[in-house]
S.K.: 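Following this message is one structure expressed as structure tokens.
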Amino acid sequence: MHSVTVPRARRARRLAVGVTTAALTLLVSAAIPGPPVRGSARGSAYMGVGVLAHDGRSSAPSMQRASQTEGVDVASHQGNVDWSKLWGGGVRWAYTKATEGTYYTNPYFASQYTGSRGVGMIRGAYHFATPDSTGGATQADYFVNHGGGWSGDGVTLPGVLDIEWNPYGDDCYDKSPSEMVTWIRNFLNRYKSRTGRNAVIYTATSWWKTCTDNYSGFGGSNPLWIARYASSPGTLPAGWSTYTMWQYTSTGPTVGDHDKFNGASDRLRKLAKG
């Protein structure tokens, strides 16, 4: 009797541990989303979707620099964000995904965009580019028409072109470097003609080198938001001697993606004012 009961008890304990581990894994996975699987529904992409898979992650910045201002970026997978908690943790600016291609608008955009402003943050909107679906000018129009505009109210940051790895297919969206540069230029030119502002370019140096052949022509006009999960931004794409924003982690407090503005809050307000 004893020899039968003990193995059963051990199996029960192992089963309980397995269930607990699985539950914890599900909770972590829900809190920090992974990149969309190739072939997944379009619209699921977000800022930094390909950074971990292609560039990995190393140590985070060792300390908060007084000369930099903490920010976050969010999309639909963060849902209803606790903006008050983020503000209490020192976050002073935020970007919300507004659109992707010409086929997707973030259903949480309004609440995320107004929620961040409601606690005092300066905020803006970003567009996830899909150059394989429609032209750059067409996507810029879609972005501006669905939340990506700008106003000189002092609390609205210029729109962002999120141009990075394609989570749905070929990394460079089946475009040659020259074709990609033309697509980006068309987007930027249309955005400026519609809003009067130069859009911020969000990208990773390794993607930029591969997919634009490290083109240097945008550095003189468009602010750079660099993606690198490490202790420093590292080497920047050609044409930029400094960065304006830096996405430094995807595992920060509350929402995952945390960023640093390369300046104090007065410079952040200056960027918003234009």
S.K.: With sequence neighbours excluded, what pairs up with T242 under the side-chain contact (heavy atoms from CB on, under 4.5 Å) test?
M.R.: N262

S.K.: Can you find a heavy atom in the side chain of M180 that is under 4.5 Å from one in the side chain of I163?
M.R.: yes

S.K.: Testing W225, F128, Y46, Y126 for ring pair (Phe, Tyr, Trp, His ring centres under 6.0 Å) with Y202, which one passes?
M.R.: W225

S.K.: Are there over 12 heavy-atom neighbours, none belonging to K175, within less than 6.0 Å of that residue's NZ?
M.R.: yes

S.K.: In this structure, are over 12 heavy atoms from other groups packed under 6.0 Å from Y108 atom OH?
M.R.: no

S.K.: Return each pair, listed once, that meets side-chain hydrogen bond (donor to acceptor under 3.5 Å, both in side chains) where at least one residue sits in residues 88-101; pairs must be two or more places apart or across chains.
M.R.: K97-E100, T99-H127, E100-Y103, E100-Y168

S.K.: Between T249 and R57, do the side chains contain an N or O donor and an N or O acceptor separated by less than 3.5 Å?
M.R.: no

S.K.: Give the minimum heavy-atom separation between Y173 and A129, together with the two atoms involved.
M.R.: OH-O, 3.3 Å

S.K.: Fit a plane to each ring of H146 and Y142, take the angle between them on a 0 to 90° scale, and name the class: parallel (under 30°), tilted (30 to 60°) or perpendicular (over 60°).
M.R.: tilted

S.K.: Judged by atom type as modelled, is there a donor-acceptor pair below 3.5 Å linking the side chain of Y191 to the main-chain atoms of G159?
M.R.: yes

S.K.: Quick one: does M245's side chain get under 4.5 Å of D259's, heavy atoms only?
M.R.: no

S.K.: Quick one, V181 with F218, criterion side-chain contact (heavy atoms from CB on, under 4.5 Å). Give me CA distance, side-chain angles, the key distance, then yes/no.
M.R.: CA-CA 10 Å; V181 168; F218 300 127; 4.2 Å; yes

S.K.: Is there side-chain contact between E70 and Y248, with at least one heavy-atom pair below 4.5 Å?
M.R.: yes

S.K.: Let me see the working for S76 and Y104 under side chain to side chain donor-acceptor pair (under 3.5 Å), right down to the final yes or no.
M.R.: CA-CA 11 Å; S76 61; Y104 173 85; 3.1 Å; yes

S.K.: Would you say the side chains of Q247 and Y229 form a donor-acceptor pair under 3.5 Å?
M.R.: yes

S.K.: What heavy-atom pair brings L188 and A199 nearest, and what distance separates the two atoms?
M.R.: CD2-CB, 3.9 Å

S.K.: Quick test of your reading of the model: are D141 and R190 salt-bridged, counting only N-O distances below 4.0 Å?
M.R.: yes

S.K.: Is N214 reaching over with its side chain to a backbone N or O of A238, donor-acceptor style, under 3.5 angstrom?
M.R.: yes

S.K.: Answer yes or no: is there a side-chain heavy-atom contact under 4.5 Å between T156 and D153?
M.R.: yes

S.K.: Could you measure the distance from the CH2 atom of W165 to the CG atom of D170? Nearest 0.5 Å is fine.
M.R.: 13.5 Å

S.K.: Would you mind reporting whether T69 and R267 have side-chain heavy atoms less than 4.5 Å apart?
M.R.: no

S.K.: CG of L161 to CG of N198: how many Å apart, nearest 0.5 Å?
M.R.: 12.5 Å

S.K.: For a quick test of reading the model, state the closest non-hydrogen atom pair linking V72 to W83 and the distance between them.
M.R.: CG2-CZ3, 3.9 Å

S.K.: How far apart are the C-alpha atoms of R123 and D73, what are their side-chain angles, what is the distance that settles it, and do they pass the salt bridge (Lys or Arg N to Asp or Glu O under 4.0 Å) test?
M.R.: CA-CA 10 Å; R123 77 315 191 219; D73 57 270; over 6 Å; no

S.K.: For L52 and S250, work out which heavy atoms get closest and say how close.
M.R.: CD1-OG, 3.9 Å

S.K.: Passes side-chain contact (heavy atoms from CB on, under 4.5 Å), L224 versus T244? Steps please.
M.R.: CA-CA 5 Å; L224 173 66; T244 299; 5.5 Å; no

S.K.: Kindly compute the distance separating OH (Y215) from OG1 (T182), expressed to the nearest 0.5 Å.
M.R.: 8.5 Å

S.K.: I need the Q78 CD to Q112 CD distance, nearest 0.5 Å.
M.R.: 6.5 Å

S.K.: How far apart are the C-alpha atoms of F261 and Y243, what are their side-chain angles, what is the distance that settles it, and do they pass the side-chain contact (heavy atoms from CB on, under 4.5 Å) test?
M.R.: CA-CA 9 Å; F261 175 79; Y243 65 93; over 6 Å; no

S.K.: Can you check side-chain contact (heavy atoms from CB on, under 4.5 Å) on H258 and L86, steps first, answer last?
M.R.: CA-CA 10 Å; H258 274 244; L86 286 168; 4.2 Å; yes

S.K.: Under a 4.5 Å side-chain heavy-atom rule over Ile, Leu, Val, Met, Phe, Trp and Tyr, are F109 and V160 clustered together?
M.R.: no

S.K.: Can any side-chain N or O of T130 pair as donor or acceptor with the backbone N or O of S133 at less than 3.5 Å?
M.R.: no

S.K.: Of all the heavy-atom pairs spanning A41 and S44, show the shortest one and how long it is.
M.R.: O-OG, 3.0 Å

S.K.: Could you check if a side-chain atom of P237 sits within less than 4.5 angstrom of a side-chain atom of T212, using non-hydrogen atoms only?
M.R.: no

S.K.: Do the side-chain N and O atoms of S206 and D55 include a donor-acceptor pair separated by under 3.5 angstrom?
M.R.: yes

S.K.: In the single-linkage hydrophobic clustering (I, L, V, M, F, W, Y; side-chain heavy atoms under 4.5 Å), do V91 and Y113 co-cluster?
M.R.: no

S.K.: Give a yes or no answer on whether the side chain of W207 reaches the backbone of D171 with a donor-acceptor pair at less than 3.5 Å.
M.R.: yes

S.K.: Test your reading of the model: is there a side-chain donor-acceptor pair from W87 to the backbone of G120, 3.5 Å cut-off?
M.R.: no

S.K.: For a quick test of reading the model, state the closest non-hydrogen atom pair linking W150 to T195 and the distance between them.
M.R.: CE3-O, 3.8 Å

S.K.: Give a yes or no on whether the backbone of T134 and the side-chain of Q139 come within a donor-acceptor separation of less than 3.5 Å.
M.R.: yes

S.K.: Report yes if the side chains of R117 and T114 come closer than 4.5 Å at any heavy-atom pair, otherwise no.
M.R.: no

S.K.: Are S241 and L236 close enough that some pair of their side-chain heavy atoms sits under 4.5 Å apart?
M.R.: no

S.K.: Go through the side-chain N and O atoms of R228 and T205 and say whether any donor and acceptor fall under 3.5 Å apart.
M.R.: no

S.K.: Nearest 0.5 Å please: distance from the OG1 atom of T210 over to the CH2 atom of W208.
M.R.: 12.0 Å

S.K.: Give, for atom CG of N106 and atom OG of S111, the distance between the pair rounded to the nearest 0.5 Å.
M.R.: 7.5 Å

